[in-house]
Amino acid sequence: MSKLIPILCWASLIIGAPVFATPMLDAHSHYTADNAEALSPQQVVAALDAANVSHLVVSGTPWDAVLSLHEHAPDRVVPLLGVYASHLGKAMWMHDADLPARVEARLAEGEWAGIGELHLFARDAGSPVFAALVRLADAHGLMLLIHGDAEVIDRAFEIAPGLRVLWAHLGTVPTPGLVGRTLERHAGRALWVDTSVRDERIAPDGQLLPEWRALFEAHPERFVVAVDTFSTNRWRNYGEVVASIRGWTADLSPELRERMLWRNAEALFAPWLRGRP
């Protein structure tokens, strides 16, 4: 029996959702085999429509689930090539010497905007496998989505100064000071930072903290918002998460809010979006 949520049941989750005038680009989410069993591509697009999310940047395991979603909505879904064979891969991929060759082969089999999400911490920043993936992303003009310490970001730009990087979750130590110092260290480079799953830290009870506001204002072109659908339940609450993001960004100036909701992400993915219909 199919595990897909019936269409009427899914529709009941989004009926009555408010219509938002300002679109949002979700710069970091996932669509895995487990998600695909529960949520069809049609249901995913319905969730995007209800929340006025214009584009979805998505990776997942296995990679063909992401391609199926992209094929259903090629003008809405920006596909990233996930490199893990299963959810267990995030702990050991950096020691898999054959991984770069497999990734290079996959790059020839689909239309990809980037590689990732790569989970990597300072102790493994010197991994030759990581270095090879950085060089692959750079050679193909792809964005690299990194979930890792600031030292990993430093190492990526040491290998390929012209690389395009999205640093997930405000880093692994999400403090304004550390994030700000990393951005300053890489001023002029193609580094963006996403706020996904840090909404309560940024804005407890929906109230944006002054220190985060100051950081966003100091680097207005470098931050993007994202949902990060790390579980099927996160997908089922997609509209609520987007509403929360819209809530705390409302405390920013209209120009900065627009930048964070979509314009910065549009700049990040411009090389890919320019080639779309």
Side-chain angles (χ1 to χ4, degrees), residues 14 17-29 47-58 76 78 114 117 143 145-147 150 153 164-230 234 237-270 272-273:
I14 59 177
V19 176
F20 299 106
T22 305
M24 180 180 129
L25 197 161
D26 180 354
H28 171 183
S29 272
L48 301 183
D49 289 342
N52 195 15
V53 171
S54 63
H55 292 79
L56 177 75
V57 178
V58 62
R76 305 280 296 278
V78 180
E117 180 180 10
M143 184 276 292
L145 174 58
I146 296 177
H147 175 145
I153 304 301
R164 300 174 74 80
V165 173
L166 178 56
W167 192 16
H169 315 309
L170 299 170
T172 54
V173 183
T175 64
L178 180 59
V179 176
R181 288 191 297 274
T182 305
L183 285 169
E184 289 162 8
R185 207 160 49 246
H186 299 293
R189 288 180 173 156
L191 174 61
W192 287 259
V193 187
D194 85 50
T195 64
S196 62
V197 304
R198 304 299 193 192
D199 304 294
E200 278 299 315
R201 182 181 289 266
I202 294 166
D205 299 320
Q207 300 301 308
L208 181 62
L209 295 176
E211 56 266 35
W212 285 108
R213 179 201 298 274
L215 180 65
F216 299 150
E217 290 174 346
H219 302 277
E221 298 179 354
R222 292 299 152 202
F223 290 94
V224 300
V225 298
V227 173
D228 187 5
T229 49
F230 55 81
R234 186 81 164 173
N237 294 313
Y238 191 84
E240 294 176 18
V241 179
V242 172
S244 172
I245 292 168
R246 291 183 183 279
W248 65 257
T249 56
D251 288 339
L252 300 168
S253 70
E255 181 180 357
L256 181 53
R257 181 172 190 259
E258 186 178 87
R259 280 190 173 279
M260 292 186 66
L261 285 178
W262 67 272
R263 285 177 59 195
N264 288 346
E266 187 178 60
L268 167 59
F269 290 101
W272 191 86
L273 293 172

Fill in: Residues in side-chain hydrogen bond (donor to acceptor under 3.5 Å, both in side chains) contact with Arg263, at least two apart in sequence or another chain
Glu258
Practice prompt. Among residues two or more places apart or on two chains, list those pairs meeting salt bridge (Lys or Arg N to Asp or Glu O under 4.0 Å) that have a residue in residues 205-221.
Written response: Glu221-Arg259
Fill in: Inter-residue atom distance Ile245.CD1 - Met260.CE, 0.5 Å rounding
9.5 Å
Worksheet item: Is there a donor-acceptor pair under 3.5 Å between the side chain of Arg164 and the backbone N or O of Leu191?
Response: no
Item to complete: Using side-chain contact (heavy atoms from CB on, under 4.5 Å) as the criterion, list what pairs up with Arg181, not counting sequence neighbours.
Response: Leu178, Arg185
Response to the item:
The reported gap from CG in Leu25 to NE2 in His55 (rounded to nearest 0.5 angstrom) is 6.0 Å
Discussion item. Going by ring pair (Phe, Tyr, Trp, His ring centres under 6.0 Å), name the residues that satisfy it together with Phe223, two or more places apart in sequence or in a different chain.
Written reply: Phe216
Practice prompt. Compare every heavy atom of Trp248 with every heavy atom of Ala203, then report the nearest pair and how far apart it is.
Written response: CB-CB, 3.4 Å
Fill in: Inter-residue atom distance Trp212.CH2 - Thr175.OG1, 0.5 Å rounding
6.5 Å
Worksheet, complete the sentence: Of all heavy-atom pairs linking Val193 and Leu183, the shortest is CG2-CD2, 3.9 Å
Discussion item. Holding to side-chain hydrogen bond (donor to acceptor under 3.5 Å, both in side chains), I want the full list of residues that pass it with Asp251, two or more places apart in sequence or in another chain.
Written reply: none
Discussion item. Tell me which pairs pass ring pair (Phe, Tyr, Trp, His ring centres under 6.0 Å) where either residue lies in residues 172-205, with sequence neighbours left out.
Written reply: Phe157-His186
Worksheet entry | Under the side-chain hydrogen bond (donor to acceptor under 3.5 Å, both in side chains) test, residues paired with His169 that sit two or more places apart | Glu117, His147, Ser196
Worksheet item: Checking side chain to side chain contact (heavy atoms under 4.5 Å, CB included) for the pair His219/Asn264: CA distance, chi angles, key distance, verdict?
Response: CA-CA 11 Å; His219 302 277; Asn264 288 346; over 6 Å; no
Fill in: Backbone N/O of Ala187 and side chain of Arg222: donor-acceptor pair under 3.5 Å
no
Worksheet, complete the sentence: Smallest heavy-atom separation, Leu145 atom then Ala168 atom, equals CD1-CB, 4.1 Å
Discussion item. Does Val241 form a side chain to side chain contact (heavy atoms under 4.5 Å, CB included) with Asp228? I'd like the steps, not just the answer.
Written reply: CA-CA 10 Å; Val241 179; Asp228 187 5; over 6 Å; no
Discussion item. Under the salt bridge (Lys or Arg N to Asp or Glu O under 4.0 Å) definition, can you give me all pairs with a residue in residues 189-200, not counting sequence neighbours?
Written reply: none
Fill in: Worked verdict on Val78 versus Met143 for side chain to side chain contact (heavy atoms under 4.5 Å, CB included)
CA-CA 11 Å; Val78 180; Met143 184 276 292; over 6 Å; no
Worksheet, complete the sentence: In this structure, CD1 of Ile146 is separated from CD1 of Ile153 (nearest 0.5 Å) by 4.0 Å
Worksheet entry | Closest non-hydrogen atom pair, Val197 against Val227 | CG1-O, 4.1 Å
Practice prompt. Just jot down the side-chain hydrogen bond (donor to acceptor under 3.5 Å, both in side chains) partners of Thr195, sequence neighbours excluded, or say none.
Written response: none
Worksheet item: Between Arg234 and Ser29, is there a donor-acceptor pair closer than 3.5 Å when you use the side chain of the first and the backbone of the second?
Response: no
Item to complete: Return the minimal non-hydrogen interatomic distance between Ala47 and Tyr238, and the atom names on each side.
Response: O-CD2, 4.1 Å
Discussion item. Restricting to ring pair (Phe, Tyr, Trp, His ring centres under 6.0 Å), what partner residues turn up for Trp167, sequence neighbours left out?
Written reply: none
Worksheet, complete the sentence: Minimal heavy-atom distance between Pro23 and Leu261, with the atoms involved, is O-CB, 3.8 Å
Worksheet item: Do Pro204 and Leu209 have side-chain heavy atoms sitting under 4.5 Å apart?
Response: yes
Discussion item. Please report the interatomic distance NE2(His28) to CG(Leu166), rounded to the nearest 0.5 Å.
Written reply: 7.5 Å
